[in-house]
Amino acid sequence: SFIGMRPGDLAIEFAKRKNWKLRPRNIMVEGDSDVRFFSLANKLYKQETELNLLGGDISLFACGFGDSGGTPGMLEQLPPLLDIIRTDPDQNGKILYRVIALVDNDHPGRSLIRGLTQQYRQLRAFRDIFILNRIFPRTASEPNALTSQIEKYNEDWKGLDCEIEDL
């Protein structure tokens, strides 16, 4: 460890340079319009329930803005961020930050998941990278079981794209 640096400082500094607010739990989305949609959903949910979906220990940020976002931005930004987080644990080896990626269920999003999970053996669909679906059942947490449940519950929309803007 570098003198004066504490566990997590490297990840925090990297995120800060990207204008990302890193918290214990994080969701990386494709772009700034996705962030705006989630922020609106959070606002409406809070009006209805007085509870926040975002904030506290949960952060949502875009992998990039404008041309630096989208699935190409996710491909460029997610692996280095996850690698830095893995190499910057606490003194007991505990990973301090969890980051998942959420991509649209369209051709670029599906291609990104295939590419990332083939290129980076530590990444798994529905554990590290989630593809948007209309229904996310909470009946399983293990990636293979969750994938099966998501497919089952979303059978009516099979073959149709699902983007944040659709919801």
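Basis for what follows: all heavy atoms, side chains included, without hydrogens, waters or symmetry-related copies. Note that the coordinates shown come from a computational prediction; the quantities given were computed from them, not determined experimentally. Residue numbers run from 1 in the order of the sequence given.
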**OP:** Take the angle between the ring planes of Phe61 and Trp20 and call it parallel below 30°, perpendicular above 60°, tilted in between.
**Re:** parallel
Taking the side chain from [X] and the backbone from [Y], do they hold a donor-acceptor pair closer than 3.5 Å?
X: Asn133; Y: Phe136; result: no
X: Asp106; Y: Gly109; result: yes
X: Asp9; Y: Arg6; result: yes

Is it the case that one hydrophobic cluster holds both [X] and [Y], taking links as side-chain heavy atoms less than 4.5 Å apart, direct or via other members?
X: Leu44; Y: Ile27; answer: no
X: Val29; Y: Phe65; answer: no
X: Leu22; Y: Met5; answer: yes
X: Tyr153; Y: Phe130; answer: no

Please tell me if the side chains of [X] and [Y] come closer than 4.5 Å, counting only heavy atoms from C-beta onward.
X: Lys152; Y: Ser148; value: no
X: Lys94; Y: Pro89; value: no
X: Lys16; Y: Lys21; value: no
X: Pro79; Y: Leu116; value: yes
X: Ile100; Y: Asp128; value: no
X: Arg98; Y: Pro24; value: no

For the student: nearest non-hydrogen atoms of [X] and [Y], plus distance:
X: Ala140; Y: Leu146; answer: O-CD1, 3.6 Å
X: Leu78; Y: Ala101; answer: CD2-CB, 3.7 Å
X: Leu54; Y: Phe38; answer: CD1-O, 4.1 Å
X: Phe126; Y: Thr147; answer: CD1-OG1, 3.2 Å
X: Ile164; Y: Leu102; answer: CD1-CD2, 4.3 Å
X: Cys63; Y: Met28; answer: CB-SD, 3.6 Å

Original post:
Is it the case that more than 12 heavy atoms not belonging to Gln47 sit under 6.0 Å from its CD atom?
Top reply: yes
Original post:
Checking side chain to side chain contact (heavy atoms under 4.5 Å, CB included) for the pair Ser39/Lys43: CA distance, chi angles, key distance, verdict?
Top reply: CA-CA 6 Å; Ser39 297; Lys43 178 183 172 187; over 6 Å; no
**OP:** Evaluate the salt bridge (charged side-chain N to carboxylate O under 4.0 Å, His left out) criterion for residues Arg25 and Asp57: first the C-alpha distance (whole Å), next the side-chain angles of each, then the deciding distance (0.1 Å), finally the verdict.
**Re:** CA-CA 6 Å; Arg25 293 174 183 87; Asp57 68 349; 2.2 Å; yes
Going from [atom1] on [X] to [atom2] on [Y], what distance comes out if it is rounded to the nearest 0.5 angstrom?
X: Glu163; Y: Phe37; atom1: CD; atom2: CZ; result: 10.0 Å
X: Gln149; Y: Glu142; atom1: CD; atom2: CD; result: 11.5 Å
X: Tyr97; Y: Ile85; atom1: OH; atom2: CD1; result: 8.5 Å
X: Ile150; Y: Ile135; atom1: CD1; atom2: CD1; result: 10.5 Å
X: Leu40; Y: Asn42; atom1: CG; atom2: CG; result: 9.5 Å
X: Asn144; Y: Arg127; atom1: CG; atom2: CZ; result: 10.5 Å

**OP:** Quick one: list whatever passes side chain to side chain contact (heavy atoms under 4.5 Å, CB included) with Asp88, sequence neighbours left out.
**Re:** Leu10, Ala11
Subject >> By salt bridge (charged side-chain N to carboxylate O under 4.0 Å, His left out) - contacts of Asp161 (at least two apart) >> reply: Arg110
Original post:
Would you call Glu50-Lys46 a salt bridge at under 4.0 Å N-O?
Top reply: no
**OP:** Check the pair Leu53 / Ile58 against side chain to side chain contact (heavy atoms under 4.5 Å, CB included), numbers first and verdict last.
**Re:** CA-CA 8 Å; Leu53 296 171; Ile58 299 176; over 6 Å; no
**OP:** Using distance alone, with no hydrogens and no angle criterion, decide if Asn105 and Arg134 have a side-chain donor and acceptor under 3.5 Å apart.
**Re:** no
**OP:** Check the pair Asp104 / Glu30 against side chain to side chain contact (heavy atoms under 4.5 Å, CB included), numbers first and verdict last.
**Re:** CA-CA 8 Å; Asp104 289 337; Glu30 294 180 41; 3.5 Å; yes
**OP:** Just do the side chain to side chain contact (heavy atoms under 4.5 Å, CB included) check on Thr71 and Leu75 with the steps written out, would you?
**Re:** CA-CA 6 Å; Thr71 54; Leu75 180 63; over 6 Å; no
